[in-house]
Amino acid sequence: MWGRASRRAVGCTFATLPQEFKGEGTEEQQPSSFIFAQAPSAFPQFGHLKTLAQQAFQALLSMSINLHPLAIQGVAATPDKPLTKISLGLEYATISACRISVMNFELLDSVLLQTDFPELKLHASGKVRDVYVIDQERLLFVATDRISAFDYVLATGIPHKGRVLTQVSLFWFEFLRDLVPNHLVTADIGQYPKELQKYADQLQGRSMIVARADMFPVECVVRGYLSGSAWKEYKATGRVCGIELPKGLQESDRLPEPIFTPATKAVTGHDENIPFAEMARIVGPEAGGQLRDLSLAIYQRAAEYARQRGIIIADTKFEFGRTAQGITLADEVLTPDSSRFWPADQYKPGKTQESFDKQYVRDYLEEIRWNKQPPAPALPAEVARKTSEKYVEAYHLLTGRELDA
Ligand code: Q0N
């Protein structure tokens, strides 16, 4: 039992383990040696680890799994007493087991936190997606199951999330195809280069090959509602990106009409909102106008559609590039990660809205009083599972289709 449970646990959390522990603990081993192999110096959130570990401990007992005596000591470590490397490992091992007791093996096995294609050069890696170079003309986008909250990637993956992001983008590319060309080449693994076929497991449903574009160095943001940085700016100045808004608006209010609020791409830290004139200076006035008009047209059509299906798209970010087809819609499109999705039936202006997808995650992170400094904590299996359901539900509401298993 230990061997099986342990191996699965490693499969879902490997990416977060320091290099020195990789490659160990993956075989059938004695509990004690397995545990020692995993001391995760990357997990110093003792307080909430302890809570998780205790839950895990109960779960293990109820499953009649024998704990090594040292593991019991590890569970008993207190948050205020700095843990030794060994006892850190002990807590971690029990936490892995805790997830297993709540999520089934198939679900755990499906979670992808890190991609690895040794024959391809990594082009860019984001919080959630990894981009590889295929050749001069094409890139491979892979959406992992990583999730970020409060600007950091958490230690736990969300089952199905990468597939939802990819399938939602594919849906919108098709929905918008008469309005704007997009960078999709294919998402059919059968058409991928043959050296990638052996990675079908890693790629299926969560990847696409896209046309390499000459990217515009701006984020094209459209807002239909007053939220986030725009609400902050409005409160301070009455304007957003230089656009004068009516007086007396409340947080989350619907705007009289959607506004285009471009931002510069910050390599580190937060993107910076800029006035349209500044954007036009960066990309040129002609492209500036085209990007603005396209962004507004896309948002308008998509938001109206989503609203009829129970999702308010409060705001969203597009990225465009130039390809042989002209100005081309790139990156991911109108996903929960690139947009604020709000459940329409709970919409109530005058306060911050609950996020469609990340609410359980944020609630949990507030509850454990994470200081929002790295490394980011792991999530209890229940939070990961409920979050997964929200992503799958968003896919279902938007597309009317079931996400295939
Ligand atoms: C590109 N980014 C920034 C993944 C997304 N079609 C393209 N051609 C050339 N480059 C890019 C695209 C696209 N889309 C855009 N990186 C590469 C967005 N990344 C950030 C990291 O996560």
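All ligand and atom numbering here is 1-based and tracks the order in the structure.
- For atom 3 (C) of ligand 1, the nearest non-hydrogen atom of the protein is Glu319 OE1, 3.7 Å.
- Of the candidates Ala211, Ala143, Ser125, Ala124, the one placing a heavy atom closest to atom 6 (N) of ligand 1 is Ala211.
- The ring of Phe341 has its center no closer than 6.0 angstrom to the ring center of Tyr391.
- Remark: ligand 1 and Ala213 share an N or O pair separated by less than 3.5 Å (distance only, no angle test).
- At a heavy-atom distance under 4.0 Å, only side-chain atoms of Met215, from C-beta outward, approach ligand 1.
- Glu304 CD: 12 or fewer foreign heavy atoms inside a 6.0 Å radius.
- Inside a 4.0 Å radius of atom 20 (C) of ligand 1 there is not any protein heavy atom.
- For ligand 1, none of its N or O atoms has an N or O atom of Lys265 under 3.5 Å away.
- Of all atoms in ligand 1, numbered sequentially from 1 with element shown, those under 4.0 Å from a heavy atom of Gly126 are 21 (C), 22 (O).
- Within the 4.0 Å heavy-atom criterion, both parts of Arg129, backbone and side chain, lie near ligand 1.
- Under a 4.0 Å criterion applied to the non-hydrogen atoms of Val131, ligand 1 contributes the atoms 4 (C).
- Within 6.0 Å of CD on Glu272 lie no more than 12 heavy atoms contributed by other residues, nucleotides or ligands.
- With a 4.0 Å heavy-atom cut-off, ligand 1 is reached by no atom of Asp130.
- Atom CD of Glu286 has 12 or fewer heavy atoms from other residues, nucleotides or ligands within 6.0 Å.
- Outside the 6.0 Å centre-distance limit, the rings of Trp231 and Tyr225 are not counted as a close aromatic pair.
- Taking 4.0 Å as the cut-off, His123 counts as a neighbour of ligand 1 on heavy-atom distance.
- Aromatic ring orientation, Phe175 versus Trp172: perpendicular (interplanar angle above 60°, classes split at 30° and 60°).
- Counting heavy atoms under 4.0 Å from ligand 1, residue Asp214 does not touch it at all.
- Residue, atom and distance of the protein heavy atom nearest to atom 14 (N) of ligand 1 are Asp331 N, 2.9 Å.
- In this structure, His160 has its ring center at least 6.0 angstrom away from the ring center of Tyr395.
- Annotation: atom 13 (C) of ligand 1 to nearest protein heavy atom, Phe141 CZ, 3.5 Å.
- In this structure, the ring of Phe117 has its center less than 6.0 angstrom from the ring center of Tyr132.
- With hydrogens and angles disregarded, no donor-acceptor distance shorter than 3.5 Å links the side chain of Glu137 to the backbone of Ala211.
- Rounded to the nearest 0.5 angstrom, Arg129 CZ and Met208 CE are separated by 8.5 Å.
- For ligand 1, the atoms lying closer than 4.0 Å to a non-hydrogen atom of Arg212 are 8 (N).
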